Asks: 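Before I ask anything, here is the structure I am working with.
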Amino acid sequence: MPFNGGVGARQLRWLKREVVAARERNDRVIVLCHCPAWAGASSHRTRMYDGDEVMKVLHEDGMGRVVAFFAGHMHRGGYGADTEGLHHVRLRAWTL
């Protein structure tokens with residue numbers, strides 16, 4: 001998967017801090033990212049390398065406060081909801 005990316009350790013720590021702070025404020029969280037994190041809403045071929053680690057932060061540290069994950073990268077678009085109820089939206093890329 002040479003065309004995919006990941007968030008890496010530094011951004012994963014940042015994400016965790018942000019998600020925990022939002023949970024403590026009782027906020028709802030929406031995540032925007034280029035690459036999808038969950039294979040159920042994309043494919044193993046197009047999801048980010050460290051998607052499992054990202055999903056763990058969103059579910060375990062978010063404790064239900066993360067409600068949606070918007071991503072692109074997979075041009076045909078799509079939607080899925082995981083077992084925790086987190087909505088995964090892939091935005092469609094339009095060509096003219």
Side-chain angles (χ1 to χ4, degrees):
M1 297 185 290
F3 54 88
N4 284 357
V7 298
R10 184 176 177 185
Q11 289 185 90
L12 195 60
R13 287 190 303 272
W14 172 85
L15 178 64
K16 182 174 183 156
R17 284 192 307 269
E18 292 295 316
V19 167
V20 168
R23 183 192 75 216
E24 290 172 350
R25 289 188 307 267
N26 204 30
D27 288 346
R28 297 277 187 195
V29 177
I30 296 172
V31 178
L32 306 172
C33 188
H34 178 78
C35 289
W38 183 54
S42 59
S43 73
H44 291 288
R45 188 171 172 259
T46 60
R47 69 188 287 252
M48 68 177 70
Y49 297 134
D50 46 4
D52 290 339
E53 291 87 350
V54 169
M55 293 303 300
K56 183 176 179 180
V57 167
L58 300 182
H59 287 153
E60 292 180 9
D61 296 305
M63 298 176 63
R65 305 307 300 168
V66 182
V67 297
F69 190 106
F70 288 84
H73 193 60
M74 191 171 174
H75 293 194
R76 70 174 185 246
Y79 168 81
D82 64 32
T83 58
E84 301 292 323
L86 176 53
H87 299 273
H88 297 265
V89 180
R90 288 187 334 263
L91 302 173
R92 183 176 179 154
W94 296 95
T95 58
L96 300 175

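No hydrogens, no waters, no symmetry mates; every other heavy atom, side chains included, goes into these values. All figures in this text were calculated on a predicted structure; none of them were measured in a lab.
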Asks: Is D50 salt-bridged to K56, cutoff N-O under 4.0 Å?
Replies: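 Between K56 and D50 there is no salt bridge, as every charged N stays at least 4.0 Å from the carboxylate O atoms.
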Asks: Are the side chains of C33 and M48 in contact, using a 4.5 Å heavy-atom criterion?
Replies: yes
Asks: Are V20 and W14 connected in a single hydrophobic cluster, I mean Ile/Leu/Val/Met/Phe/Trp/Tyr linked by side-chain heavy atoms less than 4.5 Å apart?
Replies: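 No, because W14 and V20 fall into different hydrophobic clusters, even though each may have its own neighbours under 4.5 Å.
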Asks: Could you please spell out the steps behind the salt bridge (Lys or Arg N to Asp or Glu O under 4.0 Å) verdict for R17 and D61?
Replies: CA-CA 9 Å; R17 284 192 307 269; D61 296 305; over 6 Å; no
Asks: Which pair of heavy atoms, one from L86 and one from A68, lies closest together, and at what distance?
Replies: CD1-N, 3.3 Å
Asks: Do any N or O atoms from the side chain of R47 and from the backbone of P36 form a donor-acceptor pair under 3.5 angstrom?
Replies: no
Asks: Measuring only between side-chain heavy atoms, which start at C-beta, is M55 closer than 4.5 Å to H88?
Replies: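 A side-chain contact under 4.5 Å exists here.
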Asks: Using side-chain contact (heavy atoms from CB on, under 4.5 Å) as the criterion, point out the one residue from V66, L58, V29 that pairs with L15.
Replies: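 Only one option passes, and that is L58.
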Asks: Between R23 and E60, which heavy-atom pair has the shortest distance, and what is it?
Replies: NH1-O, 4.5 Å
Asks: If you compare all heavy atoms of R65 against all heavy atoms of D27, which two are closest, and at what distance to 0.1 Å?
Replies: NE-O, 3.0 Å
Asks: Taking a hydrophobic cluster as the set of Ile, Leu, Val, Met, Phe, Trp and Tyr residues connected by side-chain heavy atoms closer than 4.5 Å, whether directly or through intermediates, do M63 and V57 fall within one such cluster?
Replies: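 No, M63 does not connect to V57 through the hydrophobic network.
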Asks: Below 4.5 Å, heavy atoms only, C-beta onward: do V89 and F69 meet side chain to side chain?
Replies: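 A side-chain contact is absent here, since even the closest heavy-atom pair is not under 4.5 Å.
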Asks: Begin from the C-alpha positions of V31 and F70 and carry the test side-chain contact (heavy atoms from CB on, under 4.5 Å) through to its verdict.
Replies: CA-CA 6 Å; V31 178; F70 288 84; over 6 Å; no
Asks: Just verifying a value: how many Å separate K16 NZ and E53 CD, rounded to the nearest 0.5 Å?
Replies: 12.0 Å
Asks: Could you tell me whether the side chain of H87 reaches within less than 4.5 Å of the side chain of Y79, counting heavy atoms only?
Replies: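 Contact flag for Y79/H87 side chains = yes.
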